[in-house]
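So that the names make sense, note that chain A is the first sequence line, chain B the second, and so on, each numbered from 1.
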Protein chains: 2
Amino acid sequence: MSKAHLKTSRWMHGKFKCCGYRMTKPREAILDVLAGTQKHLSAEDIYLAVLKFYPNTGLTTVYRNLEMFVNIGMIVKFDFGEGRSKYELADQYSEKGHHHHLVCKTCYKVIDYSDFMKDEIHFLRSIENGLSQKYNFRITDHLIRFLGICEKCGKK
Amino acid sequence: MSKAHLKTSRWMHGKFKCCGYRMTKPREAILDVLAGTQKHLSAEDIYLAVLKFYPNTGLTTVYRNLEMFVNIGMIVKFDFGEGRSKYELADQYSEKGHHHHLVCKTCYKVIDYSDFMKDEIHFLRSIENGLSQKYNFRITDHLIRFLGICEKCGKK
DNA sequence: CTCCATATTGGTAATGATTTCCATTAACAA
DNA sequence: TTGTTAATGGAAATCATTACCAATATGGAG
């Protein structure tokens, strides 16, 4: 966590200054929490983790900042179907790098994978061009996800 | 709508009998509503449309049946990030057939596309095999979606 | 065709995640 | 150090979705 902290602080300054945002303890803590885990955390998970550093943090503040981080592209928000969103550091700020998810429809377990990225690049290139022209749409992101039954749920 | 209705009724009987479900007016109406549109409807959209046929239908009933239809695979539930789910007839029951979505991050407009399905099949085949073996996961579905800014939002 | 067991319904009240409001506090440029 | 203004946090409000439960309707058995 401490290493993540140092790394985090570094980009924060740069990224924040140019966006006109201020650096605050809750913001720093939110990024630290996300940088210090491989898991997919909900807003409340993050709130509880942040509380350990800054005991007066409000849940509202966590939601507000998550939204802001998502807007400036530092955090990505996911919905895996559980009824609450999960958050991850964006690829370029994360040790994970570019990856996708394998989601169990039964228990909502999420497995990150980064296999087949070569095939993906090849697959996406032509499609993105084709679609953005045909539909007059500026594509900025893609979501590729596989759904099914995880090992544990498959045995029941 | 009437044509859709006839078509709907036909599969309902078969599908329902073998699952042990009963055929009811709300169920028929929900399928009819979805068969009669190309749009992505929310539970409330469907509820309001169903009310026109069966004025006493309850919103609870709509939610309950949507869940059931999703479970037996006749309807697919999507979350495009608006804060409420959208529903579509499953590919095999819909005139649309297999398709994916292009979603505007700003206004949540959704464009269906079914281009590049050949490339997709080729892309998915190896990946699904690889992932399911490596992660011991039975893949039943995939989600491919492109995100960005639609034409209208791009001009602002 | 009628009856019965039980699946299904629909209204209301709960739930739970996320937002709104607003008075107080803290960042940071000058 | 100070002033401007972004940011905070607590409580209350929203809003989609669920849980409950008494009343009703479906479809097979007789």
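Whole-Å rounding puts the Leu66(B) CG to dT9(C) C1' distance at 15 Å. To the nearest angstrom, P of dG10(D) lies 6 Å from CG of Asn56(A). Distance Arg64(A) CZ to dA17(C) C1': 16 Å, rounded to the nearest Å. The nearest whole Å value for the distance from the CD atom in Glu28(B) to the P atom in dA7(C) is 21 Å. What separates CD1 of Ile46(B) from P of dG10(C) is a distance of 15 Å, to the nearest Å. Atom OH in Tyr47(A) sits about 14 Å away from atom P in dT8(D), given to the nearest Å. Separating the CD atom of Glu44(B) from the C1' atom of dT14(D) is a distance of 13 Å, rounded to the nearest angstrom. When the C1' atom of dA16(D) is taken as reference, atom CD of Glu67(B) falls 14 Å away, rounded to whole Å.
The base of dT8(C) lies outside donor-acceptor range of the side chain of Arg27(B), with no N or O pair under 3.5 Å. Within 3.5 Å, a donor on the side chain of Thr60(B) pairs with an acceptor on the base of dA19(D), or the reverse.
You'll find the ring centres of His40(A) and Tyr87(A) outside the 6.0 Å limit. A distance below 6.0 Å separates the ring centres of His101(B) and Phe78(B). Taking the ring centroids of His142(A) and His100(B), they lie at or beyond the 6.0 Å cut-off.
If you check every strand for non-hydrogen atoms under 4.0 Å, Ser42(B) touches nothing. Residue contacts shown for Arg84(A) are limited to sugar-phosphate atoms, with no base heavy atom under 4.0 Å away.
Between Asp141(A) and Arg145(B) no salt bridge is recorded (no basic side-chain N to carboxylate O distance below 4.0 Å).
Toward the 5′ end of DNA chain C lies the nearest nucleotide of Thr57(B), the other residue of the pair Arg22(A) and Thr57(B) mapping further downstream. Each of Pro26(A) and Leu59(B) has a nearest nucleotide on DNA chain D; the 5'-most of these lies closest to Pro26(A).
At dA25(D), none of the side-chain N or O atoms of Thr24(B) fall inside 4.0 Å of OP1 or OP2 (strictly under the cut-off). A close approach under 4.0 Å does occur between a side-chain nitrogen or oxygen of Asn65(A) and OP1 or OP2 of dT8(D). When the side-chain nitrogen and oxygen atoms of Tyr63(B) are compared with OP1 and OP2 of dT18(D), none of them lie within a distance under 4.0 Å.
The backbone N or O of Gly97(A) lies less than 3.5 Å from a partner atom in the side chain of His99(A), making a donor-acceptor pair.
Set against dG9(D), dA7(D), dT17(D), the side chain of Tyr21(A) has dA7(D) as its closest nucleotide.
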